[in-house]
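Heads up, the thing below is written out as structure tokens.
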Amino acid sequence: MHDLRFIRQSPEEFDRGLARRGLAAMSPQILALDAKRRATQTALQDMLQRRNEASKQVGLAKRNGDDADALITEVQSLKDKIAADEESAKSLEAELTGILEGLPNLPADDVPEGGGEDDNVEIRQVGTKPAFDFEAREHFDIGETLGLMDFEGAAALSGARFVVLRGALARLERALGNFMVDLHTGENGFAEVSPPVLVRSEALYGTGQLPKFAEDLYRTEDDYWLIPTAEVPLTNLSSGAIYDAGDLPQRLTAWTQCFRSEAGAAGKDTRGMLRQHQFGKVEMVCVTHPDESDAELERMTGCAEEVLKRLEVPYRVVTLCTGDMGFGARKTYDIEAWLPGQGMYREISSCSNCGEFQARRMNARFRTKGEKGTRFVNTLNGSGLAIGRTLIAVLENGQNADGTVTVPEVLRPYMGGLERIEPVKGTGK
RNA sequence: GGAGGGAUGGCAGAGUGGUAAUGCAACGGAUUGCUAAUCCGUCAUGGGAUAAAACUCAUGCGGGGGUUCGAGUCCCCCUCCCUCCGCCA
């Protein structure tokens, strides 16, 4: 949500931000609406003032036993006018809010300009791509050869974009989640949270998925929504909060299932488990002082990178350009893991600084000792990491010519010491 | 699912139709100085005014409607929280 006072003060700057997002200037329309709203409000207030005075006099007159009919008639005649003005003030307000809540966050100054994915800027590549003396296969080949990745069974249960993992792959998924949460809580300073995955619409409004992106979400018949990411519950834990500045930053992590309708992704990544309706993800959320959020974004991205480093998966970090950033973000780093089977880097984490955009929607503030009043906090979120995609990366980077997969060393303690995942004889069907 | 209770400022908490008490915390100031106390003011949001204030007006008692000259207070609808009962992993 945008600050109307900022738009009033710096309309050019506001429009410049929108333009960088590829959007038309909105400040003329917004300011016109705002001026109209304020004029209406002022007129309304004058009438209310008169009504209040007259009403007070009626009270006095009645107490003194005087005649108050003239005053009563006057106020009654104001009534229709007041009601009409209230009505139009309210609808102007609603119109204004409707516009403001549909506009994305403005990009930070250092975000590269661009229209889409192709204009993202690579910052660094880390790790060494594995050199295979055979043709690298994609994860679904590897998984099906192992007999442990079952798309048919999943289709029978749930349809397309689901998977059933079995045996060592099911355990690998669990191992990844445990490893990531242990890393973030043990070394990266995050507090572990186990939140609901069903939330109210208010929570989704707070992080910005609603009202604009309802079609991407699953909704229950009794009006709960399935979270598309644990960013929603973790960030909204700060909804309505007033922190002491000393209690910031708040760093939270959670391993949850995430649910996405993938309404706009028809035909994209249909094969395999790259893009699913349901997937596990370890999420990191930070709530910071406004002066700290830029540094926190670097830190958080580093925390996500550390997961891949330890898993020995090569990756690169890109800064998303203005055209590829999500709705609530003012700056985003994507981490893309190297997938030898695809011969491509694919997104495995997205770390965003949302500034005070979400905090305004949630009314999340902090107070500094010695200062008057409160200010909005800044919020950040990042995957640390998406589990399904990490599993893909581990399979593709750890694959061997004989169809087995080498388990990264850091995961072995979570896998009962298992060093290699071997194909199973028969699928048990 | 059934029954009941509740929602008022940062927090606590009064207020049954006529200007939203009071306490705590916080901020500004005054005063006196033995780890502090005392006093005064400020202490929700928005409009107008202003360089910024002072100032001024309105709104604000969970949300939305209604009754009334006037609603925190009365009526209707809704939401959320709590308690008890039932069911349940």
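Only this structure's heavy atoms are used, side chains among them; waters, hydrogens and symmetry mates stay out. Computed from a predicted model, the values in this text were never measured in an experiment. So that the names make sense, note that chain A is the first sequence line, chain B the second, and so on, each numbered from 1.
- In this structure, A:His277 has its ring center closer than 6.0 angstrom to the ring center of A:Phe162.
- Straight-line distance from the CD atom of A:Gln76 to the C1' atom of B:U67: 13 Å, rounded to whole Å.
- Remark: the separation of the P atoms in B:C24 and B:G41 is 14 Å, to the nearest Å.
- Between A:Arg365 and A:Lys79, the one whose closest nucleotide on RNA chain B sits nearer the 5' end is A:Arg365.
- As rounded to whole Å, 12 Å separates atom C1' of B:G70 from atom CG of A:Leu71.
- Under 4.0 angstrom from either OP1 or OP2 of B:C43 there lies no side-chain N or O belonging to A:Arg367.
- B:G63 atom P lies 14 Å from atom CG of A:Asn363, rounded to whole Å.
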Strictly under 3.5 Å: I want the nitrogen or oxygen pairs between protein and nucleotides 15-18 of chain B, one per line.
from	atom 1	to	atom 2	distance (Å)
B:G18	N2	A:Ser55	O	2.5

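- An OP1 or OP2 oxygen of B:G46 is reached within less than 4.0 angstrom by no side-chain nitrogen or oxygen of A:Arg38.
- Rounding to whole angstrom units, OH of residue A:Tyr224 and P of B:C80 are separated by 7 Å.
- The backbone N or O of A:Leu385 lies less than 3.5 Å from no partner atom in the side chain of A:Ser349, so there is not a single donor-acceptor pair.
- Rounding to whole angstrom units, CD of residue A:Glu86 and C1' of B:A71 are separated by 13 Å.
- Nearest nucleotide to the A:Ile242 side chain, out of B:G10, B:C69, B:C27: B:G10.
- Nucleotides B:G65 and B:G13 are separated by 29 Å at their C1' atoms, to the nearest Å.
- Take the nearest nucleotide of RNA chain B for A:Arg37 and for A:Thr368: the residue whose nucleotide is more 5' is A:Thr368.
- B:G72 sits 16 Å from B:A7 when the P atoms are compared, rounded to a whole Å.
- Atom CZ of A:Phe366 and atom C1' of B:G10 are 15 Å apart (whole Å).
- Among all heavy-atom pairs drawn from A:Arg21 and A:Pro107, the shortest one is CG-CD, 3.9 Å.
- Ring geometry for A:Phe366 against A:His289 counts as tilted: the plane angle lies between 30° and 60°, on a 0 to 90° scale.
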Mind listing the N/O atom pairs, protein and nucleotides 54-59 of chain B, below 3.5 Å?
from	atom 1	to	atom 2	distance (Å)
B:U59	OP2	A:Asn52	ND2	3.4

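- Comparing the C1' positions of B:U68 and B:U8 gives a spacing of 23 Å, expressed to the nearest Å.
- Neither side chain, A:Tyr224 nor A:Ser201, offers a donor N or O lying under 3.5 Å from an acceptor on the other.
- Tested against A:Ile421, the residues A:Thr404, A:Leu148, A:Val394, A:Thr406 include a single side-chain contact (heavy atoms from CB on, under 4.5 Å) partner, A:Leu148.
- Remark: A:Glu306 engages A:Arg310 in a salt bridge, criterion side-chain N to carboxylate O under 4.0 Å.
- Results of the salt bridge (charged side-chain N to carboxylate O under 4.0 Å, His left out) test with A:Asp294 over A:Arg330, A:Lys331, A:Arg299 single out A:Arg330 as the only residue that passes.
- Atom CG of A:Asp223 and atom C1' of B:C78 are 13 Å apart (whole Å).
- Distance noted for atom C1' between B:G6 and B:G18: 27 Å (whole Å).
- Rounded to whole Å, the C1' atom of B:C76 lies 11 Å from the corresponding atom of B:U67.
- Cation-pi geometry between A:Arg389 and A:Phe279 is not met at under 6.0 angstrom from the ring centre and within 45 degrees of the axis.
- Within 4.0 Å (heavy atoms only), A:Arg5 reaches sugar-phosphate atoms of the nucleic acid but no base atom.
- Within the model, atoms OG1 of A:Thr97 and CD of A:Glu93 stand 4.5 Å from one another, a figure rounded to the nearest 0.5 Å.
- If you check the side chains of A:Asn378 and A:Thr288, you find no donor sitting under 3.5 Å from an acceptor.
- Spacing of C1' atoms, B:G15 relative to B:A20, comes out at 8 Å, to the nearest Å.
- Checked against the 6.0 Å centroid criterion, the rings of A:Phe140 and A:Phe151 do not qualify as a close aromatic pair.
- Counting only Watson-Crick and G-U wobble pairs whose two key distances fall under 3.5 Å, RNA chain B forms stems of three or more stacked pairs at B:1-7 with B:79-85, B:10-12 with B:22-24, B:26-30 with B:38-42, B:44-48 with B:55-59, B:62-66 with B:74-78.
- The CG-P distance, from A:Leu96 to B:G47, rounds to 11 Å in whole Å.
- A:Cys286 and A:Glu296 get closest at one heavy-atom pair: SG-OE2, 3.0 Å.
- The separation of B:C75 from B:U83, taken at their C1' atoms, amounts to 27 Å, rounded to a whole angstrom.
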